[in-house]
Amino acid sequence: MLRVAVPNKGSLSEAATEILAEAGYRQRRTTKDLSLTDPDNGVEFYYLRPRDIAVYVGEGTLDVGISGRDLVLDSHAAAETILELGFGGSTFRFAGRPGVARSVKDLEGKRIATSFAGILSDHLAENGVKASVVKLDGAVESAVQLGVADVIADVVETGTTLRQAGLEVFGDPILKSEAVLIKRHAVTLQPNGLEQLVRRLEGVLVARNYVMMDYDIRAEAVEAANAVAPGLESPTVSPLHREGWVAVRVMVPRAEAQRIMDQLWEIGGRAILTTDIHACRI
């Protein structure tokens, strides 16, 4: 069976379970379950700490796993990304008291507190900066106030917590992260079931990001309509009983659906509607 690691808690856990369920896999009913077997799909799921998943996959103990790109890179495990999953987005940045620094180059000789020592050390080395890395497990915002560090490097969402601690972000982002599907690095023999897993997850991502759009339009306006909504390959065009008119079906990006409907209306499209896509194979 394909052995898959899934985050057991934290911000990635619920979304990872949800995307796997949408892909047709059984998932645990209680957070007390540490593993689950899905014999119909030939998969065993193991629910682990998000920080440990890359290590298990990199060592070959498990075949694949879902984790954050930041956690994978920070672990220095022998794991690589197969697929970006489109959730769990975050940005890793420097922050400090106003005026303490403007870029990574200003951090020479300073103390930097972080929960991601691996990522930070790599970034400092890439920029030729020698600084002291202070490894903390969470709540790094207090490190400056308590005198443990001069600046911090942490995940920033709204920045509210930083401002409350009297800190502000500076410099370019260190890393932009999201949830990813990973496998062991440089493995040539693909485990059974991995191709199906990837194909199913890709289908879920397409279904989440696209809608099916149907509309009627005069035949002579089809080319103009196709320029507005070309679809992934090309639209399906069928003749209507009403002479000179056709029905068109096409996939369009969900985020652009309203704008596309407006444009189709302007060139003569009528009876325009969208429907959700629950599953697909592209």
Side-chain angles (χ1 to χ4, degrees), residues 2 4 6 12 14-27 38 40-43 64 66 68-69 80-91 176-183 190-282:
L2 184 70
V4 182
V6 184
L12 297 178
E14 184 176 346
T17 299
E18 183 178 329
I19 195 172
L20 289 168
E22 287 185 43
Y25 295 99
R26 291 180 56 196
Q27 289 298 291
D38 183 352
D40 293 336
N41 291 299
V43 179
V64 294
I66 294 176
R69 180 184 288 112
E80 61 184 34
T81 296
I82 308 173
L83 182 66
E84 296 176 344
L85 298 176
F87 62 85
S90 63
T91 303
K176 290 188 176 181
S177 180
E178 68 175 300
V180 292
L181 182 69
I182 60 172
K183 69 172 183 177
Q190 188 165 272
N192 292 333
L194 177 55
E195 183 178 349
Q196 175 179 278
L197 173 64
V198 172
R199 189 166 58 244
R200 287 190 182 189
L201 291 176
E202 287 175 337
V204 172
L205 295 175
V206 172
R208 287 180 173 182
N209 292 314
Y210 284 81
V211 293
M212 189 66 71
M213 184 171 290
D214 292 90
Y215 61 92
D216 299 340
I217 198 166
R218 293 191 65 86
E220 61 266 24
V222 168
E223 289 303 318
N226 287 353
V228 173
L232 297 185
E233 294 177 354
S234 65
T236 299
V237 181
S238 306
L240 290 175
H241 180 69
R242 184 180 179 184
E243 187 174 353
W245 283 73
V246 295
V248 181
R249 166 165 281 199
V250 63
M251 289 176 63
V252 302
R254 183 182 297 273
E256 300 177 23
Q258 292 294 335
R259 177 185 59 79
I260 291 172
M261 292 175 78
D262 290 338
Q263 292 180 332
L264 289 174
W265 180 270
E266 291 297 326
I267 61 176
R270 295 296 182 265
I272 310 170
L273 58 90
T274 62
T275 52
D276 286 335
I277 301 170
H278 295 289
C280 67
R281 297 291 184 272
I282 301 300

K.L.:
Report the distance from atom OG1 of Thr275 to atom CE of Met212, rounding to the nearest 0.5 Å.
P.N.:
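Going from OG1 on Thr275 over to CE on Met212, the span is 6.5 Å.
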K.L.:
Sub-3.5 Å donor-acceptor pair from the side chain of Arg200 to the main-chain atoms of Ala23, do we have one?
P.N.:
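Yes; judged by distance alone, with no hydrogens or angles, the pair exists.
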K.L.:
Using every non-hydrogen atom in the two residues, find where Ala16 and Ile19 come nearest and quote the distance to one decimal.
P.N.:
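Minimum heavy-atom contact is O-CG2, 3.2 Å.
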K.L.:
Report yes if some heavy atom in the side chain of Val206 is under 4.5 Å from a heavy atom in the side chain of Ile277; otherwise report no.
P.N.:
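The answer is no; the side chains never approach within 4.5 Å.
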K.L.:
Can you give me every donor-acceptor pair (side chain of residues 240-256, partner residue at least two apart or in another chain, under 3.5 Å) with its distance?
P.N.:
residue	atom	partner	partner atom	Å
Arg249	NE	Asp214	OD1	3.4
Arg249	NE	Asp214	OD2	2.8
Arg249	NH2	Asp214	OD1	3.2
Arg249	NH2	Asp214	OD2	3.4
Arg254	NE	Arg208	O	2.9
Arg254	NH1	Asp276	OD1	3.0
Arg254	NH2	Ala207	O	3.4
Arg254	NH2	Asp276	OD1	3.4
Glu256	OE1	Arg259	NH2	2.7

K.L.:
Is there a donor-acceptor contact under 3.5 Å linking the side chains of Asn41 and Arg26?
P.N.:
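There is no such pair between these side chains.
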K.L.:
Working note: Leu85 + Ile66, criterion side chain to side chain contact (heavy atoms under 4.5 Å, CB included); need CA distance, chi angles, decisive distance, verdict.
P.N.:
CA-CA 9 Å; Leu85 298 176; Ile66 294 176; 3.8 Å; yes
K.L.:
Step by step, would you call Leu20 with Thr17 a side chain to side chain contact (heavy atoms under 4.5 Å, CB included)?
P.N.:
CA-CA 5 Å; Leu20 289 168; Thr17 299; 5.9 Å; no
K.L.:
Look only at the side chain of Arg69 and the backbone of Ala179, and say whether a donor-acceptor pair between them is shorter than 3.5 Å.
P.N.:
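Checked: no pair found.
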K.L.:
Listing request: all side chain to side chain donor-acceptor pair (under 3.5 Å) pairs with a residue in residues 217-229, at least two apart in sequence or in separate chains.
P.N.:
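Those involving residues 217-229 are Arg218-Glu220.
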K.L.:
Using the rule given for side chain to side chain contact (heavy atoms under 4.5 Å, CB included), can you reason through Leu194 versus Leu2, listing the C-alpha separation, both sets of side-chain angles and the distance that settles it, and then say yes or no?
P.N.:
CA-CA 7 Å; Leu194 177 55; Leu2 184 70; 4.2 Å; yes
K.L.:
Name all residues meeting the side-chain contact (heavy atoms from CB on, under 4.5 Å) criterion together with Ala225; count only those two or more places apart in sequence or in a different chain, and write none if there are none.
P.N.:
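Ala225 satisfies side-chain contact (heavy atoms from CB on, under 4.5 Å) with Tyr215, Ile217, Leu264, Ile267 once adjacent residues are dropped.
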K.L.:
Could you tell me which non-hydrogen atom of Val43 sits nearest to which non-hydrogen atom of Tyr25, and how far apart they are?
P.N.:
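Smallest interatomic distance, heavy atoms only, reads CG2-CE2, 3.6 Å.
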K.L.:
About how many Å separate CG of Leu83 and CG of Leu205, when rounded to the nearest 0.5 Å?
P.N.:
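Answer rounded to 0.5 Å: 5.5 Å.
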K.L.:
Testing the basics here: between Pro235 and Ala229, what is the closest heavy-atom pair and its distance to 0.1 Å?
P.N.:
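For Pro235 and Ala229, the tightest heavy-atom pair comes out as CG-O, 3.8 Å.
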K.L.:
Below 4.5 Å, heavy atoms only, C-beta onward: do Tyr210 and Leu232 meet side chain to side chain?
P.N.:
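Touching, per the 4.5 Å side-chain cut-off.
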K.L.:
How long is the span from the CE atom in Met213 to the CD1 atom in Ile260, to the nearest 0.5 Å?
P.N.:
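If we round to the nearest 0.5 Å, Met213:CE and Ile260:CD1 are 5.5 Å apart.
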K.L.:
Is there a donor-acceptor pair closer than 3.5 Å between any side-chain N or O of Gln263 and the backbone N or O of Val228?
P.N.:
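Checking the backbone N and O of Val228 against the side chain of Gln263, no donor-acceptor pair under 3.5 Å is found.
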K.L.:
Below 4.5 Å, heavy atoms only, C-beta onward: do Glu202 and Ile282 meet side chain to side chain?
P.N.:
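No - every pair of side-chain heavy atoms lies 4.5 Å or more apart.
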